[in-house]
Amino acid sequence: MFFVLFSSKRCHLLVRGFHVGKHFSNPSTEDIVFKAICVNLRQRKWKLVDQMSSSLTDSIVSRVIREFRTSPELALEFFKWVGEYKSFSHSLESYCTVIHVLVNSRRYVDALSLMKNLMQTKGYSPLEVLETLVDSYEMCLSSPAVFDSLVRACTQIGATEGAFDVIKKLRMEGFGVSIHAWNNFLNHLLNFGEVGRFWMVYKEMVSLGYFENLHAFNLVIYAFCKECKLLEAISQFYRMSKGGIIANVVTFNMLIDGACKMGDIDLALKILRKMRVMTGDFVTPNSVTYNCLINGYCKLGRLSIAEEVQNEMVKIGIEPNLRTYATLIDGYSRNGSLEEAFRLCDDMVGRGLVPNTVVYNSIIHWLYLERDMAGASLLLSDMIKKHVCPDSFTYSILMKGLCRNGYINEALTYHKWILEKNLIEDDFSHNILINYLCKSKNIAGAKQLLGSMFIRGFIPDLSHIWYSN
DNA sequence: TTAGGGTTAG
């Protein structure tokens with residue numbers, strides 16, 4: 001019906017009028033366009049919606065999205081259609097409106113992707129996004145989960161300070177911060193190796209009266225494991241049990257992995273054997289549990305036991321995965337049994353698993369250490385042929401492999417090419433090359449690389465420079 | 001939320 005009205009000449013004039021002026025002189029005209037779009041959108045009559053597109057304003061876009069809050073897919077489709085096909089430049093308010101709608105319908109992946117786009121591509125700061133989310137909060141009948149999502153979006157793009165700014169601002173504004181947001185931030189700190197700051201933020205959270213949930217306890221156990229404080233980690237396990245929180249498989253896996261990393265494989269095995277009994281058959285081991293244990297045995301050089309553990313997992317119905325094989329292949333390689341490593345490669349391919357970058361990196365690394373240049377080159381060509389993408393590990397393995405076998409100039413040529421292609425993500429390759437250049441008394445070359453590190457924002461290890469000069 | 005691969009000095 002509304003379309004009929006708008007298909008007239010009069011409508012055409014109205015539409016032109018909307019397009020020229022940013023604000024409506026008559027609010028009811030906005031209502032007419034809004035309602036017309038809604039009617040046609042509801043019936044998926046995109047062609048008719050298209051005819052209204054020249055009359056779109058930020059206000060109408062946001063209103064339409066709110067109108068379709070119970071049909072989030074359609075709301076998102078409309079939002080994307082306007083942005084992509086009509087090249088309409090969405091305002092921050094429109095973005096936030098659709099984000100509220102998406103979070104409320106638990107479409108977190110889409111909401112996170114839009115938030116990340118706002119901060120990474122559009123250049124909005126986390127606090128600017130927060131402010132607009134707050135402004136549109138009530139009108140969108142939103143929930144605090146939207147703020148959790150913003151903290152998550154910040155941590156996902158590595159914006160540590162941004163995430164913490166959001167938490168601080170939410171507290172100041174009286175919105176409160178959910179335990180999920182705290183946990184997400186704490187997890188981010190651990191993943192970035194900031195254990196000291198983790199404990200500061202954790203203490204702050206506890207002092208504010210939050211009750212730790214399972215995830216929070218797991219993070220504390222994870223932090224203790226990272227600090228090699230296994231006894232403290234285990235004591236947290238008892239503290240959570242006392243508080244009525246039942247550990248899950250992640251809790252056990254972290255303790256098992258922690259024990260393995262500290263070389264106490266017997267304790268790791270004991271935990272594995274007791275986890276069912278301790279939880280009344282509530283928690284059973286999974287592939288992660290077994291992979292941790294296999295890795296523990298591999299690092300101790302006890303390869304035959306590692307394979308026995310693999311057989312046990314198969315027996316109880318847990319399929320070995322890519323990580324199981326990557327662990328065993330690396331275990332055999334670092335123990336000088338490359339033949340066994342290749343046997344496992346065949347085995348994994350036979351099971352339908354495709355060797356990835358990690359598997360190639362392991363074998364290439366140990367081939368170089370054995371001075372098998374031809375073998376390493378062959379595998380490098382093979383990974384390129386099979387479209388297995390090299391990563392920063394591959395490049396540093398290549399640099400080290402070439403240097404230690406006397407091919408420093410070739411390493412420098414490759415490094416230059418890798419830098420030109422912007423493929424380097426960390427400073428490992430630089431450090432390796434600088435070390436070998438210093439050893440061969442090529443201080444000018446080392447200094448040149450040092451400059452290249454600064455340009456890329458890598459912070460050199462100063463102790464090195466003292467030695468080389 | 002947990003599991004696999006790469007560096008230097010001595």
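We name chains A, B, ... by the order of the sequence lines, and we start the count at 1 in each one. What you see is a predicted model; the values in this text were computed from it and never measured.
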inquiry  = Is it the case that dA3(B) (base atoms only) and N321(A) (side chain only) share a donor and an acceptor within less than 3.5 Å, ignoring hydrogens and angles?
reply    = yes
query = Is the distance from OP1 or OP2 of dT1(B) to the nearest side-chain N or O of N183(A) less than 4.0 Å?
reply = no
task = Classify the side chain of N253(A) versus the base of dT2(B) as yes if they form a donor-acceptor pair under 3.5 Å and no if they do not.
result = yes
query = Atom CG in L450(A), atom CG in L437(A): separation rounded to 0.5 Å?
reply = 11.0 Å
message = Can you confirm if the aromatic rings of W417(A) and Y395(A) lie within a centre distance of less than 6.0 Å?
response = no
inquiry  = Keeping N356(A) on the side-chain end and V359(A) on the backbone end, is there a donor-acceptor pair under 3.5 Å?
reply    = yes
inquiry  = By the 4.0 Å heavy-atom rule, please label D426(A) as base, sugar-phosphate, or nothing.
reply    = base
task = Step by step, work out the side chain to side chain donor-acceptor pair (under 3.5 Å) result for N295(A) and D257(A).
result = CA-CA 9 Å; N295(A) 189 34; D257(A) 190 52; 5.0 Å; no
task = Using only heavy-atom distances, decide whether a donor-acceptor pair under 3.5 angstrom links the side-chain of N248(A) to the base of dT2(B).
result = no
message = Using only modelled atom types and a 3.5 angstrom limit, is any donor from either the side chain of T327(A) or the base of dG4(B) paired with an acceptor on the other?
response = no
query = Heavy atoms under 4.0 Å, any strand shown: does I432(A) hit a base, just sugar-phosphate, or nothing?
reply = sugar-phosphate
key: Among dA9(B), dT7(B), dA3(B), the nucleotide that comes nearest once only the side chain of C292(A) is considered   = dA3(B)
message = Mind checking if T289(A) touches a base, just sugar-phosphate, or nothing, with heavy atoms under 4.0 Å?
response = nothing
task = Test for a donor-acceptor pair under 3.5 Å between the base of dG6(B) and the side chain of D391(A), counting only N and O atoms.
result = no
query = Can you check whether R334(A) has a side-chain N or O nearer than 4.0 Å to OP1 or OP2 of dG6(B)?
reply = yes
ask   = So what does K226(A) touch, heavy atoms closer than 4.0 Å: a base, only the sugar-phosphate, or nothing?
value = nothing
request  = With heavy atoms under 4.0 Å as the rule, sort Y222(A) into base, sugar-phosphate or nothing.
outcome  = sugar-phosphate
inquiry  = With a 4.0 Å limit, can you tell me whether K439(A) has a side-chain N or O closer than that to the phosphate oxygens OP1/OP2 of dA9(B)?
reply    = yes
inquiry  = Just verifying a value: how many Å separate S94(A) OG and F79(A) CZ, rounded to the nearest 0.5 Å?
reply    = 6.5 Å
ask   = Does a distance-only test, which skips hydrogens and angles, find a donor-acceptor pair under 3.5 Å between the side chain of N218(A) and the base of dT1(B)?
value = yes
task = Give H365(A) one of three labels, base, sugar-phosphate or nothing, depending on what nucleic acid heavy atoms sit under 4.0 Å from its own.
result = sugar-phosphate
key: OP1 or OP2 of dT8(B) under 4.0 Å from side-chain N/O of K400(A)   = yes
Phosphate OP1/OP2 of dT2(B): any N286(A) side-chain N/O under 4.0 Å = no
